[in-house]
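Counting from 1, the numbers follow the sequence of the chain as shown. Both backbone and side-chain heavy atoms feed into the values below; hydrogens, waters and symmetry mates do not.
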Amino acid sequence: MDQKTLAWWLKAVILGIGICGLVVFLWLVPFAGKGILEGYPEFEGWYLPWFIFLEISGLPCFGVLCFGWKIAGNIGGDRSFSMENAGFLKKIAYCAAGDTVYFFIGNIALWLCGMSHPVVVLASLVIDFVGIAVSVSSAGLSLLVENAVKLKEESELTI
């Protein structure tokens with residue numbers, strides 16, 4: 001598979017993930033929240049804080065998709081190992097880490113305010129660990145791409 005084909009597939013996957021994300025955040029979250037309210041009207045005061053919390057937690061995910069799109073464009077342009085891609089991967093790591101911290105603290109805060117259940121907080125730890133994994137993986141890839149760029153520059157200087 002050549003780089004242009006790989007870049008096309010990466011962009012197709014990123015677009016698919018983006019569409020799925022929009023469906024989740026624009027349709028599923030409000031729909032599920034309204035469904036919970038129909039079955040449990042005593043949770044009406046919890047709907048808006050949880051809705052805002054979940055919607056804000058999705059914003060960094062779309063930022064990560066934008067950085068991934070730029071990386072795919074660089075791969076298609078035969079600039080796979082560039083400092084620009086290393087920077088994008090570092091930004092992805094920061095977005096994932098920030099979103100993970102926000103999600104963890106938000107879940108704890110909602111629980112302390114009496115708007116959550118301890119089981120929900122424990123279950124959200126799975127999402128937190130996924131965010132940590134994405135952050136650490138992106139930071140590691142960033143370091144590897146930086147090292148590849150340095151090796152590439154050194155080999156270009158060698159006669």
Side-chain angles (χ1 to χ4, degrees), residues 6-75 80-149:
L6 176 62
W8 185 87
W9 278 107
L10 287 171
K11 286 183 177 181
V13 168
I14 290 167
L15 190 62
I17 292 170
I19 291 169
C20 289
L22 286 173
V23 167
V24 166
F25 287 105
L26 297 180
W27 180 77
L28 186 62
V29 169
F31 180 75
K34 296 289 185 185
I36 291 170
L37 287 181
E38 287 175 9
Y40 303 96
E42 65 269 18
F43 294 149
E44 188 172 349
W46 297 12
Y47 176 76
L48 193 59
W50 269 101
F51 178 75
I52 292 169
F53 169 67
L54 291 174
E55 293 295 315
I56 290 173
S57 72
L59 294 177
C61 300
F62 290 104
V64 164
L65 291 177
C66 291
F67 293 132
W69 188 272
K70 291 178 181 182
I71 290 171
N74 283 341
I75 290 171
S80 300
F81 297 107
S82 65
M83 292 306 281
E84 186 179 21
N85 279 353
F88 289 145
L89 286 165
K90 200 173 285 185
K91 289 177 183 176
I92 289 171
Y94 289 142
C95 282
D99 197 30
T100 300
V101 169
Y102 166 78
F103 197 75
F104 178 75
I105 291 172
N107 268 295
I108 298 295
L110 287 168
W111 174 60
L112 291 174
C113 291
M115 293 186 198
S116 188
H117 191 275
V119 174
V120 173
V121 175
L122 290 174
S124 72
L125 291 177
V126 173
I127 296 171
D128 292 329
F129 284 119
V130 170
I132 291 167
V134 169
S135 180
V136 170
S137 298
S138 297
L141 284 172
S142 174
L143 182 65
L144 291 174
V145 169
E146 283 180 18
N147 289 341
V149 169

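A distance of 5.0 Å separates CD1 in Ile75 from OG in Ser80, rounded to the nearest 0.5 Å. For the atom pair Asn147 CG and Phe81 CZ, the distance stands at 11.0 Å (nearest 0.5 Å). The CD1 atom of Ile105 sits 11.5 Å away from the CG atom of Leu112 when rounded to the nearest 0.5 Å. Rounding to the nearest 0.5 Å gives a distance of 12.0 Å between OG of Ser135 and NZ of Lys90. A distance of 12.5 Å separates CG in Leu28 from CG in Leu22, rounded to the nearest 0.5 Å. Atom-to-atom distance recorded for Cys95:SG and Tyr102:OH is 14.5 Å, nearest 0.5 angstrom.
Tested against Asn107 for a side-chain contact (heavy atoms from CB on, under 4.5 Å), the candidates Trp111, Phe103, Phe104 yield a single pass: Phe103.
Within 6.0 Å of CZ on Phe67 lie more than 12 heavy atoms contributed by other residues, nucleotides or ligands. Atom CZ of Phe129 is surrounded by 12 or fewer heavy atoms from other residues, nucleotides or ligands within 6.0 Å. Remark: Phe25 CZ is packed, more than 12 non-hydrogen atoms of other residues, nucleotides or ligands lying under 6.0 Å away.
Contacts of Asn85 classified as side chain to side chain donor-acceptor pair (under 3.5 Å), with partners at least two apart in sequence or in another chain: Asn74.
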What pairs of donor and acceptor atoms, side-chain ones from residues 6-13 against any protein atom, are under 3.5 angstrom apart with sequence neighbours left out?
none

Could you list the donor-acceptor pairs under 3.5 angstrom formed by side chains in residues 44-64, with sequence neighbours left out?
unit_1: Trp50; atom_1: NE1; unit_2: Met115; atom_2: O; d: 2.7
unit_1: Ser57; atom_1: OG; unit_2: Leu54; atom_2: O; d: 2.7

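When all heavy atoms of Ile17 and Leu65 are compared, the closest pair comes out as CG2-CD2, 3.8 Å. In terms of heavy atoms, Pro30 sits closest to Leu26 at CG-O, 3.6 Å. Here the closest non-hydrogen pair linking Val121 and Ser116 is CG2-OG, 4.1 Å.
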Original post:
Can you check side-chain contact (heavy atoms from CB on, under 4.5 Å) on Ile71 and Ile92, steps first, answer last?
Top reply: CA-CA 11 Å; Ile71 290 171; Ile92 289 171; 4.0 Å; yes
